[in-house]
A.B. asks: 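Mind looking over this structure? Questions follow.
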There are 2 protein chains.
Amino acid sequence: MSTSAATVLDALGDGHRRSIMEHLAEGPLAVGVLADRLPISRPAVSQHLRVLKEAELVVESAAGTRRFYRVNPAGLAAVREYFDRFWSTTLDNFAALAETESTRSTS
Amino acid sequence: MSTSAATVLDALGDGHRRSIMEHLAEGPLAVGVLADRLPISRPAVSQHLRVLKEAELVVESAAGTRRFYRVNPAGLAAVREYFDRFWSTTLDNFAALAETESTRSTS
DNA sequence: CATGTCGGTAAGTCTGGACTAACGGTAAGT
DNA sequence: ACTTACCGTTAGTCCAGACTTACCGACATG
C-alpha cells in the first residue's frame with residue numbers, strides 16, 4: 001500500500017535511477033562501486049538511492065562502513081500489477097467500444 | 001523497436017501524463033474534454049499528448065476539427081515486457097547469489 | 001589515538017521541462 | 001464570407017530537482 005505506483009513511476013522517470021536499478025538487478029552493490037560505474041558523483045548516487053528507497057524499489061543493508069543496496073522484488077511487483085490492471089481496463093473498454101460500434105447498425 | 005522502454009518511462013514519469021493515460025484507458029477522448037477533466041490548460045494537455053504520442057503510448061485520429069486520442073496497446077506492451085525481463089534477471093541473479101552463498105561452505 | 005575509507009547530508013547553482021498567454025490554422029455552421 | 005469551435009505551436013516565465021562541493025559522522029586498521 002505504501003508503495004504507490006505513482007511514487008514508483010516518479011522514481012523510475014529518471015534515466016540514472018533506471019540505470020542504478022539495472023545494475024542492482026545483477027546483484028547487490030555498494031554505493032561507491034555504483035558511483036564508479038555511473039557518470040555522476042557519489043553524492044548524486046546517494047540521493048538517487050534515497051528516492052529509490054522511499055519508493056521501496058531497493059533495500060539497504062549495512063556491512064561495516066559499506067552499505068549494500070539490492071532490488072526489492074515487492075517494489076517491482078507493484079509496477080507490474082499497475083500495468084497489468086491498466087492493460088486489462090484498456091482492453092476491456094476497447095472491447096466494449098467495439099461492441100457498441102457493431103450494435104449501432106443492429107439496433 | 002522505436003518504442004524504447006526509456007522513452008516510455010520518461011513519458012510516464014509525469015503525474016499529469018499518467019492521469020491522461022488513465023483517462024484514455026476508459027476510452028478515446030478529444031483534447032478539450034481531456035483538458036476539462038484535468039487541472040491544467042488545453043495547450044498543456046496538447047504538449048503532454050505530443051510526448052505520449054512520441055513515446056507511442058497513444059495514437060491520434062482526426063474527426064472534423066476534433067482530434068481523438070486513444071491508448072496504444074503496443075506501447076503498454078513495451079513497458080510490460082521491460083518489467084518482465086527486469087523481474088526475471090532480478091530473480092535469476094538472486095537465485096544464483098543464494099546458491100553461491102550455500103556452496104561457499106561446501107567448497 | 002590517529003588515519004583512512006565509506007557514505008549520508010547541507011548548501012548552493014543551474015538546467016530541463018511544465019505551464020500560461022497569445023497567435024495561427026482548419027473545419028463546420030449560418 | 002463571417003463566425004465559432006477545436007487544437008497545435010510559439011514565446012517566454014518559472015520552479016522542481018539533479019548535480020557538485022564541502023562537510024561530518026561511523027567504522028575499521030595501524
A.B. asks: Can you measure from CG (A:L24) to CG (A:L57) and round to the nearest 0.5 angstrom?
C.D. replies: 10.5 Å
A.B. asks: Using a cut-off of 4.0 Å on non-hydrogen atoms, how would the nucleic acid contact of A:R42 be classed: base, sugar-phosphate, or nothing?
C.D. replies: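 It contacts base atoms.
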A.B. asks: Remember a base hit wins even if backbone is also touched, and classify B:R50 as base, sugar-phosphate or nothing at under 4.0 Å, heavy atoms.
C.D. replies: sugar-phosphate
A.B. asks: Of the nucleotides D:dC7, D:dA5, D:dT20, which one has an atom closest to the side chain of B:A30?
C.D. replies: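 Of D:dC7, D:dA5, D:dT20, D:dC7 is nearest to the side chain of B:A30.
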A.B. asks: Given atom OH of A:Y69 and atom P of C:dG7, what is their separation to the nearest angstrom?
C.D. replies: 9 Å
A.B. asks: Please give me the minimum heavy-atom distance between A:L29 and A:V33, naming the atom from each residue.
C.D. replies: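 For A:L29 and A:V33, the tightest heavy-atom pair comes out as CD2-CG1, 4.0 Å.
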A.B. asks: Going from CZ on B:F86 to OG1 on B:T90, what distance comes out if it is rounded to the nearest 0.5 angstrom?
C.D. replies: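 Answer rounded to 0.5 Å: 5.0 Å.
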A.B. asks: Whole-Å distance between D:dG17 P and A:H16 NE2?
C.D. replies: 17 Å
A.B. asks: Check the distance between D:dA18's C1' and A:L49's CG and give it to me in whole angstrom.
C.D. replies: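 These atoms are roughly 14 Å apart.
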A.B. asks: Choose from D:dC19, C:dA27, C:dC6 the nucleotide whose nearest atom is closest to any side-chain atom of A:I40.
C.D. replies: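 For the A:I40 side chain, the nearest candidate turns out to be D:dC19.
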A.B. asks: What do you reckon, is CZ of A:R80 surrounded by more than 12 foreign heavy atoms closer than 6.0 Å?
C.D. replies: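 Count over threshold, so yes.
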A.B. asks: Take atom CZ in A:F68; do more than 12 heavy atoms of anything else shown fall under 6.0 Å from it?
C.D. replies: yes
A.B. asks: Provide, to the nearest angstrom, the distance between the CG atom belonging to B:D10 and the P atom belonging to C:dG16.
C.D. replies: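 Taking CG of B:D10 and P of C:dG16, I get 14 Å after rounding.
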A.B. asks: Using Watson-Crick and G-U wobble pairs whose two distances are both under 3.5 Å, how do you write the pairing of DNA chain C as dot-bracket, with | for links to another strand?
C.D. replies: ||||||||||||||||||||||||||||||
A.B. asks: Would you tell me if any nitrogen or oxygen in the side chain of A:H48 comes within less than 4.0 Å of OP1 or OP2 on D:dC19?
C.D. replies: yes
A.B. asks: Closest approach to the side chain of B:V31, judged atom by atom: which nucleotide of D:dT20, D:dC7, D:dA26 is it?
C.D. replies: D:dC7
A.B. asks: Respond yes when some side-chain nitrogen or oxygen of A:R17 is under 4.0 Å from OP1 or OP2 of D:dA18, and no when none is.
C.D. replies: yes
A.B. asks: Would you kindly give the CZ-to-C1' distance between B:R67 and C:dT26, to the nearest whole Å?
C.D. replies: 9 Å
A.B. asks: How many Å lie between CD1 on B:I20 and C1' on D:dC7, as a whole number?
C.D. replies: 14 Å
A.B. asks: Nearest of C:dC6, C:dT9, C:dA18 to any side-chain atom of A:S46?
C.D. replies: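 Closest nucleotide among those given: C:dT9.
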A.B. asks: Among residues two or more places apart or on two chains, list those pairs meeting side chain to side chain donor-acceptor pair (under 3.5 Å) that have a residue in residues 18-40 of chain A.
C.D. replies: A:R18-B:D10, A:E22-B:Y82
A.B. asks: When you measure from the side chain of B:S46 to the backbone of B:R42, do you find a donor-acceptor pair of N or O atoms at a distance under 3.5 Å?
C.D. replies: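 No, B:S46 side chain to B:R42 backbone: no donor-acceptor pair under 3.5 Å.
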A.B. asks: So what does A:F68 hit on the nucleic acid, given a heavy-atom distance under 4.0 Å: a base, only sugar-phosphate, or nothing?
C.D. replies: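 Since no nucleic acid heavy atom lies under 4.0 Å of A:F68, the category is nothing.
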A.B. asks: How close do B:A11 and B:V51 get, counting heavy atoms only, and between which atoms?
C.D. replies: CB-CG1, 4.0 Å
A.B. asks: When you measure from the side-chain N and O atoms of A:S41 to the phosphate of D:dT20, is any distance below 4.0 Å, counting only OP1 and OP2?
C.D. replies: yes
A.B. asks: How many Å lie between CD on A:Q47 and C1' on D:dA22, as a whole number?
C.D. replies: 13 Å
A.B. asks: Would you mind reading off the distance between B:D14 atom CG and C:dA18 atom P, rounded to a whole angstrom?
C.D. replies: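 Atom-to-atom, B:D14 to C:dA18, this comes out as 5 Å.
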A.B. asks: Quick one: which of D:dC7, C:dG8, C:dT9 gets closest to the side chain of A:E60?
C.D. replies: C:dG8
